[in-house]
Protein chains: 2
Amino acid sequence: MDTSVICPRFETAISLLSQRWTGLIIYQLLSGPQRFSHLTEVIGISGRLLSERLKNLEAQGLVSRTVYPETPVRIEYALTEKGFSLKPVMDEIQNWSQVWIDPAETTKV
Amino acid sequence: MDTSVICPRFETAISLLSQRWTGLIIYQLLSGPQRFSHLTEVIGISGRLLSERLKNLEAQGLVSRTVYPETPVRIEYALTEKGFSLKPVMDEIQNWSQVWIDPAETTKV
DNA sequence: TATAATTGGTTACATAAAGTAACTAAGAGA
DNA sequence: TCTCTTAGTTACTTTATGTAACCAATTATA
């Protein structure tokens with residue numbers, strides 16, 4: 001019997017990226033700190049799920065949350081070093097998509 | 001108003017990898033063609049979902065299915081060129097996980 | 001003084017996806 | 001005939017996601 005098992009670290013990492021929206025949020029934040037409402041618009045995610053995902057990402061140390069007590073209040077989400085270090089992963093996905101995804105059929109899986 | 005939108009090709013690519021199990025299946029197949037029952041055991045996915053995922057991956061040209069009419073029948077799943085070209089993505093996820101995932105807490109997100 | 005506008009969420013409910021376990025089909029061998 | 005094996009499928013439960021309405025704090029406007 002084959003006892004080989006997938007590397008637990010890899011499994012943890014990919015379970016993170018396999019959560020819907022998480023990859024897109026990180027990708028979007030690579031271009032700099034952004035506000036809640038801006039993320040909902042650009043990504044096309046509901047407030048309910050964005051809120052949930054950002055809390056998870058913060059808890060995992062990938063994203064930071066900064067409050068600017070202006071009027072109205074401004075809250076910015078940004079990648080931490082841990083989050084930013086996913087850039088090479090995102091770059092490779094980008095590369096792959098340029099070669100293998102036909103822009104004519106960029107519909108959802 | 002900011003009209004910037006996430007690259008549609010990237011969005012398609014990441015929606016593929018954001019489907020639960022899909023990344024793990026591709027990662028596992030990087031080590032060579034494998035049978036249905038072996039994949040369920042190694043990945044820890046149910047037959048129902050593995051069947052569904054493999055059909056999708058085949059339809060998208062990432063995985064091929066080969067029937068060997070032996071007894072009992074042997075069916076092997078393998079990556080196509082398109083599927084195998086995701087190796088750099090998987091390698092980068094692997095790299096990231098080695099640096100940033102603490103093996104002591106490799107629990108699910 | 002009341003009303004409205006803005007940001008950053010939350011709540012309640014409907015729908016879709018995933019998990020679980022039992023079942024099936026086809027062929028070969030006892 | 002009965003059993004074994006592989007490769008799935010079916011029916012049902014649980015969890016995740018989508019949708020839309022709502023709320024609190026603060027300031028501007030009528």
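This one's a predicted model, so the numbers in the text were calculated from it and none came from an experiment. Letters A, B, ... mirror the listed sequences (proteins, then strands); counts begin at 1.
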| message | By the 4.0 Å heavy-atom rule, please label A:S46 as base, sugar-phosphate, or nothing. | response |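 Base contact.
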| message | When you measure only distances, ignoring hydrogens and angles, does the side chain of B:R48 come within 3.5 Å of the base of C:dG19 through a donor and an acceptor? | response |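 Present.
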| Considering only C:dG27, C:dG8, C:dA18, which nucleotide approaches the side chain of B:T71 most closely? | C:dG27
| query | Counting side-chain heavy atoms from C-beta on, which of C:dG9, D:dA7, D:dG18 comes nearest to A:F36? | reply | C:dG9
Rounded to whole angstrom units, what separation is found between the [atom1] atom of [X] and the [atom2] atom of [N]?
X     : N      : atom1 : atom2 : value
A:L54 : C:dT7  : CG    : P     : 17 Å
A:L50 : D:dA16 : CG    : C1'   : 16 Å
B:H38 : D:dG8  : NE2   : P     : 16 Å
A:I75 : D:dT26 : CD1   : C1'   : 13 Å
A:Q19 : D:dT17 : CD    : C1'   : 11 Å
A:I43 : D:dT17 : CD1   : C1'   : 16 Å
B:L49 : D:dT13 : CG    : C1'   : 14 Å
B:E52 : D:dT10 : CD    : C1'   : 13 Å

Does [X] place a side-chain N or O at less than 4.0 Å from the phosphate oxygens OP1/OP2 of [N]?
X     : N      : result
A:Y68 : C:dG8  : no
B:R35 : D:dG8  : no
B:S37 : D:dA7  : yes
A:R53 : D:dT17 : yes
A:R20 : D:dG18 : yes
B:W21 : C:dG19 : yes
A:K55 : C:dT10 : yes
A:S51 : C:dT10 : yes
B:R74 : D:dT6  : no

Could you check whether any side-chain heavy atom of [X] comes within less than 4.5 Å of a side-chain heavy atom of [Y], counting everything from C-beta outward?
X     : Y     : answer
B:S51 : B:F36 : yes
B:Y27 : B:L86 : no
B:K82 : A:V99 : no
B:L16 : B:N56 : no
A:F84 : A:L30 : yes

| Taking the side chain from B:R9 and the backbone from A:I101, do they hold a donor-acceptor pair closer than 3.5 Å? | yes
| message | On DNA chain D, compare the nucleotides closest to B:P72 and A:S18; which residue's is nearer the 5' end? | response | B:P72
